[in-house]
2 protein chains.
Amino acid sequence: MARSPTTSDAFNAVAEPRRRQILDLLALGERPVNDMVASLGMGQPQASKHLRVLREVGLVTVRGVGQQRLYTLNAERLKAIYDWVRAFEPFWDHQLDRIKVRAERLAGEQAAKPDQYDKGD
Amino acid sequence: MARSPTTSDAFNAVAEPRRRQILDLLALGERPVNDMVASLGMGQPQASKHLRVLREVGLVTVRGVGQQRLYTLNAERLKAIYDWVRAFEPFWDHQLDRIKVRAERLAGEQAAKPDQYDKGD
DNA sequence: TTGAAATATTCCCATTAGGGTATATTATCT
DNA sequence: AGATAATATACCCTAATGGGAATATTTCAA
């Protein structure tokens, strides 16, 4: 049985780091293929392949301008990932709270024991 | 050349839908393997395999309690995904702003042309 | 029409993995 | 020690893919 296809959903499309890099670049604005080839140090066929995946999963759109194919990010399609992962956000705040409590406790202990620093001199 | 290993990073680990389901379940609290098997309708060896991936990428931790292995979510490791995808949030707000502007413009035009409604009578 | 530029696609190869089946391992109880 | 329960792992099979190299396709200019 095969892995989920890269074009099955946004999760699988962005699993590949090079494709994340492409999306990062497109976040800066519409670009032609060879721009991505140069910016990312990627082979041209490779770039085209990755772009095809991104196109098929709806994460980018393309329009022809003369010889160039200009690709545009469709960030809406990333919301599925955002919506899924944000559900776990409560856990991060909770842990951050714990760190704060710990830091305050430590600060309190050090305020209560200034002598330790005097001994260190 | 193979795809990035599922254990290379969180992105690749959660690309597989079943593993996302496992994480969803663990978000509700620590669980033994057979609980996940029953809740998700997954085979036991399959569950173990997926859990191994999640463990190796640090998304879950495990402790033995008698015969059971209890798995716990480590949501911190999902922040990498969150941090990456949130960078695209401005695009979503931007499009939402556009919808608002459009709605307000439409509302303004209708307020400026009440006669059309009178003619309609 | 030809040549150049930009890009997409094909072919090849080796690697990875997910389900299924079977088995091994670990923990507990009698 | 043997049996049971829970779980991990091995083996098998098939499918998908990402880079590389080569080629095909599209667009434009001379």
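Chain identifiers are assigned alphabetically (A, B, ...) following the order of the sequence lines, protein sequences preceding nucleic acid strands; residue numbering begins at 1 within each chain.
- Comparing A:S4 and A:P45 against DNA chain D, the residue whose closest nucleotide sits nearer the 5' end is A:S4.
- Nearer to the 5' terminus of DNA chain C, by closest-nucleotide assignment, is the contact made by A:K49 (compared with the other of B:R18 and A:K49).
- With rounding to whole Å, A:Q67 atom CD is found 5 Å from D:dC28 atom C1'.
- Closest to the side chain of A:R52, out of D:dA16, C:dT9, D:dG19, is C:dT9.
- Between B:R3 and D:dA15, a side-chain N or O to OP1/OP2 separation shorter than 4.0 Å is absent.
- Contact annotation: B:N34 reaches the phosphate of D:dT7 (side-chain N/O to OP1 or OP2, under 4.0 Å).
- For the pair A:A2 and A:V65, nearest-nucleotide mapping onto DNA chain D gives the more 5' position to A:A2.
- No donor-acceptor contact under 3.5 angstrom links the side chains of A:H50 and A:R18, judged on distance only.
- For the OP1/OP2 pair of D:dG18 and a distance below 4.0 Å, the side-chain nitrogens and oxygens of A:R19 include at least one atom meeting the criterion.
- Considering only side-chain N and O atoms, A:H50 lies under 4.0 angstrom from the phosphate OP1 or OP2 of D:dG19.
- Distance B:R63 CZ to D:dT7 P: 13 Å, rounded to the nearest Å.
- OP1 or OP2 of C:dA17 sits under 4.0 Å from a side-chain N or O of B:T6.
- OP1 or OP2 of C:dA8 sits under 4.0 Å from a side-chain N or O of A:Y71.
- Between the base of D:dG20 and the side chain of A:Q46 there is a donor-acceptor pair shorter than 3.5 Å.
- The base of D:dA8 sits with one of its N or O atoms less than 3.5 Å from a complementary donor or acceptor on the side chain of B:Q44.
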